[in-house]
Amino acid sequence: MIRVFLGTALTGAFVLGLGLIALAAGGSRSLNAYLTLSTLLFAIGMFGFLARRNAISMLMSIELMLNAVNLSIIAFASFAADNNAAFRAEGSVIALMVMGVAAGEATVGLSIIMAIYRNKKTPLVDEYDAMSQ
Amino acid sequence: MSGLDLPLATILGATEAGSEGAIGGGPWDLLIPLIIALPLAGFLFTALVGRRLGKSAHLVPVGAIGLAWLIGMWVAFNALGGTEPFGEHGYGQTIYTWIASGAPDQAGAFVVDVGFFVDNLTACLLIVVLTIGLLVHVYSIGYMSHDPGYWRFFAYLNLFMVSMLLLVLADSFLVVFVAWELVGLSSYLLIGFWKHKRSAALAAKKAFIVNRVGDVGFALGIMAIFVNVGTLNIRHAIELLTAEGAAASFPIPMWIVALLIFAGAMGKSAQFPLHVWLPDAMEGPTPVSALIHAATMVNAGVYLVARTNPIFASAPDVMVVVAAIGIFTAILAASIAMTQTDIKRVLAYSTLSQLGYMFAALGVGAFTAAIFHLMTHGFFKGLLFLGSGSVIHAVHEEQDMRKMGGLAKKIPHTYRTMLIGSIAIAGIPPLAGFFSKDEILGEAFKLHFEWVWAIGIVVAVMTAFYMFRLIGMTFWGESRVDPAIEPHVHESPSVMTTPLWILAVPTVLLGLVLSLPGPPLGPLLGLEGPGLLHHWLEPVFHPGLVILGHKEAEYQLFGIDGALIGASVAVATIGMVTAWRLFGVNLRAINWRPDPERVRRLTARVPFLYRASLNKWWFDDLNHLLFMTIGGRLAAFLWWFDRRVVDDTVNDVAATTVGAGRGLGRIQTGRVQNYALGIAVGLIVMAGSFLVLAAR
Amino acid sequence: MTAADLTVIGPLLAAVGTAIAILLVDLIWPNRSTMVVFVALLGLGLTAAVTVSAGSLGAQTAFDGAYKLDALTTFLDLLFIAIVAMTIVFAPDYLAPRNLPVAEFAIVLVFAMCGAMVLAASADLLLLFLGLELMVLPGYLLAGYHKSDSFSTEGAIKYFLLGSFSSAIFLFGLAFVWGLSGSTRISDVAGTLSQVASGQEPFSPGLAMGFAFLTTGVAFKIAAVPFHYWTPDAYQGSPTPVTGYLSVGPKIGAFALILRLFVEALGPLKADWLPVVIVLAATTMTLGNLVALTQDNVKRMLAYSSIAHTGYMLVGLAAYAGGQASGLEGLLFYGAAYSFMNLGAFAVIAALQKRAGVTSSLSTFAGLVRREPALTFLMTLFLLSLTGIPPTAGFFAKFLLIKSAVEAGGWVGVLAVLMMLNAAAAAFYYLRVVVYMFMRDPVSDGPAPRHGRLLWGGLAAATALTIAFGLFPGLILGMIENAAAAIAPAAGVIR
């Protein structure tokens, strides 16, 4: 059930996103379109994080969210006025930095997932509930 | 980083000039805090490493008190001598500002300074507290030498000294209150020192609880003062409270403030009806009884009332209450002391009675007389308690006087010093007690509190009686000591008897010294002017006396004053001789045998009074009745009411709280997805609220 | 980069150097925990010295204004150094019996401190984010430091997943605020936003969204309700010294983030975020205390209580936004006081757990006074301070916060009343531990383990600071005034 729902949502989001990009490529280059797309991507990432039970998938969802952020950053930078070179450069730098942080997060995350997999013999996070209330 | 060098300056820096505009305290800024710091260091040291020191654990604490005594005497005599910066009105020193919000003197400001204040009243107390404290420390080296808790005892003693010194030196009501609680705590620890003894533990608890009643009053009084004038500095608050015409604007009337402070004093100084804890407090080791429950802590209430004398002076009705409660406690306790057989209990009731005298003096407006009696009483009662400790020690921890008798020859030092103490407390001239007690009675009469005087005279008879009854039963006549112990009765070591002899000196001379060159002996010797103590304390009590409007009556040695002296000496002699008649005497010229038959006949003649006295006027039974029987019935009813009405409400509130906690805890499911969902929902709510805020 | 820049980042360089030095020491002489602790303390001492001397030069910036060294940076840096030093001192007694290496623990901890120092010094949104990540990533590792223990790893993965999730949210908000205000420099952002505040520019929905995402991310990091879920599990699962660190280090770090971001960058719009902070503070302290009432595990109880303390600290922020700049001073004082008393409490728990297998449940504390009188008295002191009983640091900290909140008035004044009610409720569960320690009969009567000298030294320091800040608040109030004045020049004089 969740999978069906998830699949529908993902497909819908992609269709919408592709449509927006097509709209953008079609001539009226619009910052808002990119921002909408990035928001959607972010929402999909969030949805993935909420819906998936596998720790690795959740990690992937987080990566998706970070990519959505990067998309919006690049969009902000490339739609800046031409005379604002500093702002454009900043955008690229931030995007690179975010990628670096994402890589660091993935490393730390994978090592923790490995450790708990050894202890619990399962990657499913809803079985990690020894502590509650 | 200018912030970094700030703190030291704020801690050690600011000194505040005394009220007379003295400039800078010089070495005093260091010396005064040292008086407290030394015992504090002794306490910390002994508490931390004392256990390992074994029989040498006393060295540091006693040394600390010794040094503190030297410094304290230096400070006290400079203050009394009026050296700069003390001047006439004392010297205040702000150690640091603990809480400072808002500029001082500004509406709504809340400033708490931690500071010390030394004036002549403080100096008098310092002399008493430090001297007796030092001697008790020395005495304890001998008295406690076989106790496994040796180091603990000295640690507690030092803690008590810290608290008591803080109490007399502090210049803020808040700090006084902290010290007030601290002396209560150390008294609790020391009464219950032999904690495996059930009666000691119970007595400690009783003292603590009864004191709490008074403390609540004191705390409320402090709050009332703050509400009225917005400061907690003692001098400043008193100045504002008693300013001309200020009383009308206070939200809390003066008589309530005075009554609340007096409630605190009643608790600590064991005045009726909060007196019940003091006799039980005798469960503590005897040096503790001497130091805390005779010479120092129980005086705290007297000190507090004397310190705040202008507040009381502005509430004359409360003054009458103070006098009435004081003199009533005096006669009540004296009547009980007449029949008790436990040597320490006799002394405990005697202490109650003498404290009653002091409050009576405060109540009639004879503040100086009260402090005079506080000082002389501190020394002779300290002497008597330490002496009784020596007696108890000699007869192997026996406290019942019926199992003593004839000890005079066996423990001569103890006997002689205790005899001196008894003559002093009985009010026989020229020993210390005569001067102070006579001054209280004389002032009461001349200030038209004739009823206080009349009751006081009766108490004087009783005092002389029960003291010589004590001496007679303990030291004179035939020995009734357990034959098994009899051969082992021995005088205490010199580390114990030396403090006794040292205490005997002020017991003999202090009254004379402090009253000269004033009456009663001054005029006789052709000297003029007020007595030394009057001279010292005049600046302290001047504000209160001005408000009261008391006029200094001319002293007529060959008139009313002489008559009063004659009366009190006469009654003291009557009491003394009666005791001799009944319980015997073995002085050089007079050798009377005890007369148990007559005692029996006399008591049979007033059976009610005798039983009342023997049963301490049934106060403990009354308390039992009140709190156990009637209280129990009431409690049973309340329990029912409580269960049906109150409990349900309270339980519902508590259950709702805890239930809410559990309910809220339940959202903590332990599953990451649920947590993430919570965060996501939170995010959506957050986004919604920011959008709404932005759209405003 | 110029030579002047080097002075400004001097403290940071010293901290990195400390971490590398520990690394090298452990490489050359493996498994020498005493030496590691010694080197770490030496390095941290040096770092503190550099921080003080660099701070004494006054406010300066480096890297074209991205990195700022002012009184606030210096104060927070010193606090971080003290926290990390104490944690390193407390750790060996817990780690050694469990065969966990001390060196790696110290290295990861010092690197986390570097992140916190970057965070405290950033004058740039990007640097703020980098500092935050540098601070929390080592935190995830530390939470799972006992990697063969299923509780430790469970706490770590929850902390990690939710932490990364919230980081992404924070970053998304940051991207929007940056994109719409046109610069990453905090001063520029503040400049743009003051135009919004004065009505010259519209408050666009995009900006509002960015705010919402930023606030959510930050609220997660300080564990404000309803973003607190990770706290109890991560705290309970982590090795106890780590819990102690997590409850103060990243929390103070996150509050540094709040000061830089909300007070400096978003300061012009404080009227807009004030209501949100008030609601967050109220829910946070109330929920934290209510749930703490029902806990039987002391570590978990302290976790919920740390949520409540976050709520108290938010009161200071609310008071600031409500017009009482002294609220910031209260917040900073509370942070410093809370750090030491809480670290002290966790150090006592860690010391009790020296024998492996001892849990942190309430029954461990039953009758403790007979087995460990010294630890019992210290624990009592820390708990009394956490309750807020005078004359401890905790009392004075609460006093400052409540006072500024009352002065701010309005809804913030209501918050002050709520805070007092909460403090009263909190007394119940703190004193329950005291009752257990003094009144209950011990469950097990094993011999007390011997504690290292380092532990006693650390506890003595925590005790001294807890008492000193209560008795002589003037010790650090001067520094705190300067620190608060660095970001809020109008900060009122509190003393």
Side-chain angles (χ1 to χ4, degrees), chain A residues 31-32 35 38-39 42 45-46 49-50 55 58-59 61-77 79-81 84 86-87 90-91 93-95 97-98 100-102 104-109 111-120 125 127-133, chain C residues 124-127 129-130 132-134 136-141 143-176 178-180 182-185 206 209 213 232-237 291 294-295 297 300:
Chain A
L31 176 59
N32 280 344
L35 292 184
S38 104
T39 311
F42 192 82
M46 254 174 95
F49 187 83
L50 295 178
M58 293 172 81
L59 193 59
S61 305
I62 290 173
E63 297 300 313
L64 192 59
M65 290 162 77
L66 290 177
N67 283 336
V69 174
N70 262 352
L71 181 60
S72 69
I73 288 171
I74 297 296
F76 271 123
F79 280 92
N84 200 346
F87 186 76
E90 259 175 22
V93 174
I94 296 178
M97 289 284 191
V98 170
V101 167
E105 234 164 36
T107 319
V108 169
S111 65
I112 293 177
I113 292 172
M114 297 271 279
I116 194 160
Y117 187 81
R118 284 203 194 115
N119 289 331
K120 301 255 185 183
V125 291
E127 291 177 25
Y128 306 158
D129 60 352
M131 291 178 288
S132 64
Q133 299 212 349
Chain C
D124 190 288
L125 291 183
L126 181 58
L127 211 52
F129 177 69
L130 281 180
L132 181 67
E133 286 299 311
L134 257 177
V136 294
L137 281 178
Y140 305 145
L141 289 177
Y145 196 65
H146 198 174
K147 61 185 177 197
S148 60
D149 179 66
S150 67
F151 283 98
S152 180
T153 43
E154 182 182 327
I157 190 130
K158 285 176 180 172
Y159 186 23
F160 165 74
L161 285 174
L162 295 171
S164 314
F165 185 56
S166 79
S167 285
I169 293 173
F170 178 79
L171 193 60
F172 196 65
L174 199 69
F176 268 71
W178 163 75
L180 294 174
S183 171
T184 54
R185 286 284 182 281
M209 283 274 287
F213 278 66
D233 295 1
Y235 282 16
Q236 190 190 344
V291 185
T294 66
Q295 298 302 318
N297 183 314
R300 204 169 171 84

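Lettering follows sequence order; numbering is per chain, from 1.
Interface remark: C:E133 contributes side-chain atoms only to the contact with chain A (heavy atom separation under 4.5 Å). For A:T39, the parts sitting under 4.5 Å from any heavy atom of chain C are the backbone and the side chain alike. With a threshold of 4.5 angstrom between heavy atoms, A:F49 approaches chain C through side-chain atoms but not through N, CA, C or O. Interface remark: C:S167 contributes side-chain atoms only to the contact with chain A (heavy atom separation under 4.5 Å). The contact between C:L126 and chain A is made entirely by side chain atoms (from C-beta outward), counting heavy-atom distances below 4.5 Å. Using a 4.5 Å cut-off between heavy atoms, C:F170 does not touch chain A at all. Only the side chain of C:L130 comes within contact range of chain A, judged by heavy atoms closer than 4.5 Å.
In terms of non-hydrogen atom pairs under 4.5 Å with chain A, the most contact-rich of C:N297, C:T184, C:L141 is C:T184. Put simply, of C:G182, C:G237, C:G163, the one with the most heavy-atom pairs under 4.5 Å next to chain A is C:G182. Ranked by heavy-atom pairs under 4.5 Å with chain A, the list C:W178, C:F151, C:F160 is led by C:W178. For the set C:L180, C:T294, C:V136, C:L134, the count of heavy-atom pairs under 4.5 angstrom toward chain A peaks at C:L180.
The shortest distance between side-chain heavy atoms of C:K147 and A:M114 does not fall below 4.5 Å. No side-chain heavy atom of A:V125 sits under 4.5 Å from any side-chain heavy atom of C:K158. Residues C:F165 and A:M65 have side chains in contact (heavy-atom distance under 4.5 Å, counting atoms from C-beta outward). Residues C:F129 and A:M97 have side chains not in contact (no heavy-atom distance under 4.5 Å, counting atoms from C-beta outward).
Between A:A55 and C:I157, the closest heavy-atom pair is CB-CD1, 4.3 Å. Nearest approach of A:I62 to C:L161, heavy atoms of both residues: CD1-O, 3.7 Å.
Annotation: the span from A:L59 atom CG to C:S164 atom OG amounts to 7.0 Å, rounded to 0.5 Å. Considering CG of A:N119 and OG1 of C:T153, their distance stands at 4.0 Å, rounded to 0.5 Å. With values rounded to the nearest 0.5 angstrom, A:E90 atom CD is found 5.5 Å from C:S183 atom OG. In this structure, CD1 in A:I73 is found 7.5 Å from CG in C:L174, a value given to the nearest 0.5 Å.
Using cut-offs of 30° and 60° on the angle between ring planes, the pair A:F42 and C:F172 is parallel.
Partner C:L171 forms a side-chain contact (heavy atoms from CB on, under 4.5 Å) with one of A:I94, A:V69, A:V101 and no other, that one being A:V69.
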